[in-house]
Structure formats: structure tokens, C-alpha cells
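Heads up, the thing below is written out as C-alpha cells.
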Amino acid sequence: MPSQRKALAVVLAAGEGTRMKSDRPKVLHQVAGRSMLAHVLAAVAVAGVESVAVVVGPGRNDVRDEALRLAPHARVFVQAERLGTAHAVLAAREAIADGCDDLLVLFADTPLVTGATILALRAALAEGAGVAALGFAAADPFGYGRLLQDDSGRLLAIREEKDASDAERAVRLCNAGLMAIDGGSALDWLGRIGAANAKGEFYLTDVIEIARDAGRTAQVVRAEETEVLGVNDRIQLAQAEAVAQNRLRRAAMAAGVTMVAPETVFLCADTAFGRDVLIEPHVVIGPGVSIADGAVIHAFSHLEGASVGAGATIGPYARLRPGARLAEKAKVGNFVEIKNANVATGAKVNHLTYIGDADIGANANIGAGTITCNYDGFFKYRTEIGENAFIGSNSALVAPVKIGAGAYVGSGSVVTKNVAADALVVARGRQMEKAGWAASFRAAQAAKKAAK
Ligand code: UD1
Ligand code: CA
């Protein structure tokens with residue numbers, strides 16, 4: 001169905017978001033590691049919508065840039081004045097005039113709507129409806145438009161809270177705000193909407209009665225309240241986050257990831273998992289992480305911008321920062337931080353270590369407390385450690401520096417020069433011992449004290 005029908009999505013992102021109390025525009029606040037706008041654009045893509053228009057507020061180049069980053073072919077329109085949802089849709093008049101079968105209206109502050117729901121709205125148009133509105137049974141309908149239906153469930157009108165009679169306010173089926181409108185009639189219908197209502201705004205919801213007056217039917221597509229949660233403040237942002245996290249956890253588990261305590265694991269919308277990954281409790285995964293088959297992430301680890309190879313083990317209490325790339329069967333243990341570094345197959349970095357801007361060869365062993373000194377306050381430098389090298393505990397590798405394959409670094413070394421393959425380097429104070437020194441020191445000091 002959608003493959004033959006041409007669709008245009010108009011995403012409304014011109015809200016001021018005052019209640020967020022933020023310097024950042026509301027729709028750029030993040031849920032599961034990506035902006036709310038990005039979530040909506042992703043759902044639009046899933047629903048096979050080929051044309052996208054984003055309506056932004058005046059001077060909102062940041063919102064425009066985010067839209068174009070995610071949907072380079074989108075057209076961005078500015079709604080100069082905030083005069084209501086229909087007025088906002090008409091800001092994209094030029095895009096609508098290009099013609100489409102399905103005109104979809106989405107709100108960028110309603111980030112959890114799925115591609116499947118957008119497809120259901122499109123299906124209603126394909127079946128002949130002139131308009132389809134997304135409805136939900138609200139736990140507390142206050143503030144929402146009510147969906148007024150006839151006895152056979154056909155949609156008659158949407159009444160805004162402020163314009164509703166007491167009887168209409170008693171209706172629990174509410175308007176989520178999202179709609180699909182017959183593309184061929186949309187400009188005509190939207191153009192007829194006036195602002196003679198309690199708020200003096202151009203209400204998109206008036207399109208229902210206008211379509212019916214034109215002899216077309218209006219249909220309700222239902223969604224769960226959690227899916228159509230609109231975000232107006234940071235409390236609702238956290239509610240949306242909770243819903244998104246639950247979805248991501250369930251999807252991961254359904255795809256073969258074991259989570260011992262899923263409610264304590266935090267994921268991002270782009271987290272990629274292989275099969276038979278095990279995630280222990282209290283793991284936080286930020287954007288840009290992939291974890292391959294059979295890897296184990298032990299408790300209390302934090303990963304961001306990292307890739308974890310098959311069969312690798314991480315943590316407990318490990319931190320993988322952006323650019324950490326671990327090959328198969330690599331091991332990263334407790335209190336280890338890895339940033340912008342490649343850890344090759346089977347290499348071990350097991351305890352209390354910082355590895356930054358480095359390449360660690362296959363099967364190398366990095367002892368406890370090793371630090372790559374990668375920064376001089378101005379620039380970053382790389383450390384290269386060859387395969388099978390052994391770095392003794394508590395060593396500082398002052399970059400730029402290379403440790404050859406198979407070389408040994410003695411514990412406690414501060415290595416400032418390159419080390420040849422298979423060499424031993426010891427770069428620490430030489431050990432000396434004076435027989436009996438401590439005993440004679442104690443005797444002399446005790447005598448001094450007694451004489452006072
Ligand atoms: C709207 C619906 C209401 C529905 C509710 C769901 C209308 C008239 N009412 O009401 O039936 O129950 O959503 O949350 O559509 N926007 C603009 N420019 C504008 C006005 C709005 O871009 O001039 C955007 C907002 O940023 C927001 C969306 O449109 O993303 C909805 O606007 P909002 O003012 O929140 O509508 P509600 O009054 O909540
Ligand atoms: Ca709203």
C-alpha cells in the first residue's frame with residue numbers, strides 16, 4: 001500500500017517549549033541518546049515516507065541543522081508567528097502544493113510514535129478516509145482535544161478542551177495530535193480553517209469537520225497513551241525516556257541479549273547487539289555503541305562511542321569512551337578507562353589502567369596501573385604497543401612512544417623512548433640495599449631522644 005502512495009510528512013517543531021526552562025529548543029532535548037526530532041524523523045523513515053518538511057520557529061537554525069543532518073532531503077520552513085497547529089502545517093504550503101497522496105502531520109515533541117502507527121494512519125487513507133486522526137484513551141483527558149464519534153465509531157469532530165461542552169469533556173478518547181490527511185484535498189481544507197475559537201488559533205483539528213462537509217469520512221486510529229506521550233517539561237521528558245528504555249531493552253532481549261536486571265540497564269536508540277551478549281546489572285550505554293556476539297559486559301560499566309568484539313569481556317566498573325575499539329576476545333577489567341584506542345584480539349587490560357590514543361597489539365598484556373601519558377596540555381600523542389608485549393604494572397608510557405612486539409616493560413617504568421621488539425626495558429630507580437642501616441639508624445635516634 002504505502003509503496004504505491006506518495007507521502008509527505010510535515011513535522012511541527014516550532015514550539016517554544018517554555019516549560020522546559022531551557023536554553024535548548026525543546027525538540028532537541030534527547031530521549032535514548034537522540035533528539036526528539038530525530039526519533040520522529042526515524043519513525044517517518046520506517047513508514048516509507050519519502051518527502052519530509054520540518055516547520056521550525058523563527059531563528060531556529062539549530063533545529064533546522066538537526067533536521068537536515070538527519071534527513072538531508074527534508075525541506076525546512078519557518079513559521080514566523082505561532083498561530084496554531086493548522087497555521088504551522090500551512091507554513092509548509094509549498095511542499096504540500098507539490099502534491100502527495102498522504103499528508104502526515106507529526107509533532108516533534110511526541111517522540112515515541114512508531115513507524116507502524118504512521119503506517120496505520122496511511123492505511124486509513126488508502127481505505128478511503130479523507131482524514132485519519134490518532135486517538136488514545138487518556139488516563140486524565142484534561143487539556144486534550146476530544147474525539148467525538150457517532151454510534152458506529154465514525155469520527156465527527158475534534159473538540160479542544162477550552163471549546164468543549166461538559167458532555168464533550170466527559171469523553172475520554174483524546175486526540176494525540178497526529179493526523180493523516182488526503183493529500184489532494186489538504187490545501188483546500190486547511191485553507192478553510194479559521195480562528196474563531198477560545199484560543200483564537202488556527203486549529204488543525206477543524207479539518208475533521210471540513211473534510212466531512214466535503215463528503216469525506218474521518219477515521220480514528222488508536223494508540224496506547226505511552227506511545228503518544230507529548231513532552232512539554234522535563235518530567236514528561238523523563239517519562240518518555242522510561243518508555244523508550246523499556247522498548248529498547250525488550251527489543252534487545254527479543255534479539256538474543258541476556259539482561260539480568262533490564263530495568264538497571266540504559267541503552268541508546270542506536271545501540272547494536274549481536275547474539276548471546278550478556279549484560280549484567282547497572283550498565284549505561286551511550287550513543288554509538290556496538291557489542292558483538294557473545295560479549296559480556298559486567299556490572300557498573302559505562303560505554304559510549306565504542307565497539308566491543310565478539311567474546312570480549314568488559315568490566316566490572318569499566319569505562320569505554322569514544323573511539324574505543326576492542327577486537328574479539330579482548331579483556332578490559334575493573335577500573336580501566338579506554339579512549340580512542342584499538343585493542344587487538346585477545347589483548348588484556350585487566351586492572352586500574354588508562355589507555356588513550358593507543359594501539360594495543362594482539363595478545364598483549366597490560367599490567368595493573370599502566371597509564372598512557374597521551375597529553376601534554378596542548379596536543380595528544382599516540383602509544384603503540386606491539387603484539388604479545390608485556391607491560392609491567394604501574395608503568396607510565398609517555399607518548400609518542402612505541403613498544404615493540406613481544407617486548408617486556410619492567411614494572412614501575414616511565415618509558416619515554418621507543419622499545420625494540422623482544423627487548424626488556426627497565427626505566428625506574430635502581431634498587432640499592434644497605435645492610436643493617438635501619439637498625440643503626442633506630443639506635444642512633446633513640447640515643448639522641450634519651451639525651452634531651
Ligand atoms: C494539540 C491538539 C489537541 C491534542 C494535543 C495533543 C490542536 C488544535 N490541538 O493541542 O487536540 O489533544 O495537541 O498533545 O491541534 N505547534 C507549532 N506551531 C503552532 C502551534 C503548535 O509548531 O503555531 C506545534 C507545537 O510545537 C507542538 C504541536 O504543534 O509540537 C502541538 O501544539 P500545542 O500547542 O502543544 O497543541 P495543544 O494545544 O497541546
Ligand atoms: Ca501540547
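Counting starts at 1 for both ligands and their atoms, following the listed order. All residue numbers refer to positions in the sequence shown, counting from 1. Quick caveat, the model's predicted, so the values are computed rather than measured. Because only heavy atoms are used, hydrogens play no part in the values below, and waters and symmetry mates are left out as well, while side chains stay in.
- Only the side chain of K199 comes within 4.0 Å of ligand 1, counting heavy atoms alone; its backbone N, CA, C and O stay farther away.
- Considering backbone and side-chain atoms alike, N175 places an N or O below 3.5 Å from some N or O of ligand 1.
- By the criterion of a heavy-atom distance under 4.0 Å, the backbone of A176, and not its side chain, is placed next to ligand 1.
- Counting only heavy atoms from C-beta outward, the side chains of R75 and E94 approach each other to under 4.5 Å.
- Exactly one residue among L320, V308, N350 makes a side-chain contact (heavy atoms from CB on, under 4.5 Å) with V332. That residue is L320.
- Cation-pi geometry between R249 and F266 is satisfied (NZ or CZ under 6.0 Å from the ring centre, within 45° of the ring normal).
- In this comparison of V11, N232, L12, the heavy atom closest to atom 24 (C) of ligand 1 sits on L12.
- Proximity of F202 to V89: side-chain heavy atoms (C-beta onward) are nowhere separated by under 4.5 Å.
- Every heavy atom of C174 sits 4.0 Å or more from the atoms of ligand 1.
- The shortest separation from a heavy atom of V55 to ligand 1 is not under 4.0 Å, leaving the residue out of contact.
- Within ligand 1, the atoms closer than 4.0 Å to a non-hydrogen atom of Y203 are 8 (C), numbered from 1 in the order shown.
- Listed here is the closest heavy atom pair of G128 and T217: O-OG1, 4.2 Å.
- The shortest N or O to N or O distance between G84 and ligand 1 is below 3.5 Å.
- When heavy-atom distances to ligand 1 are checked against a 4.0 Å cut-off, V228 has no atom that comes that close, whether in backbone or side chain.
- Proximity of E160 to ligand 1, defined as any heavy-atom pair under 4.0 Å, is confined to the side chain (atoms from C-beta onward).
- For K331, the NZ atom is loosely surrounded, since the number of other residues' heavy atoms within 6.0 Å does not exceed 12.
- The contact set between ligand 1 and G15, taken as ligand atoms under 4.0 Å from a residue heavy atom, comprises 22 (O), 26 (O).
- Close approach of ligand 1 to G145 (heavy-atom distance below 4.0 Å) involves ligand atoms 3 (C), 4 (C), 11 (O), 12 (O).
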Legend entry - CA sep, side-chain torsions, deciding dist, call: E304, R319, salt bridge (charged side-chain N to carboxylate O under 4.0 Å, His left out): CA-CA 8 Å; E304 183 182 0; R319 177 162 185 215; 5.0 Å; no
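- Those atoms of ligand 1 with a heavy atom of T85 less than 4.0 angstrom away are 7 (C), 8 (C), 15 (O), 20 (C), 21 (C), 29 (O), 31 (C), 32 (O).
- In the candidate list Q79, R82, K162, E201, R82 is nearest to atom 34 (O) of ligand 1, counting heavy atoms.
- When the ring pair (Phe, Tyr, Trp, His ring centres under 6.0 Å) test is applied to Y144, the partners found at least two apart in sequence or on another chain are F136.
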Legend entry - side-chain contact (heavy atoms from CB on, under 4.5 Å) assessment of L125 paired with R5: CA-CA 10 Å; L125 296 189; R5 294 177 63 94; 3.8 Å; yes
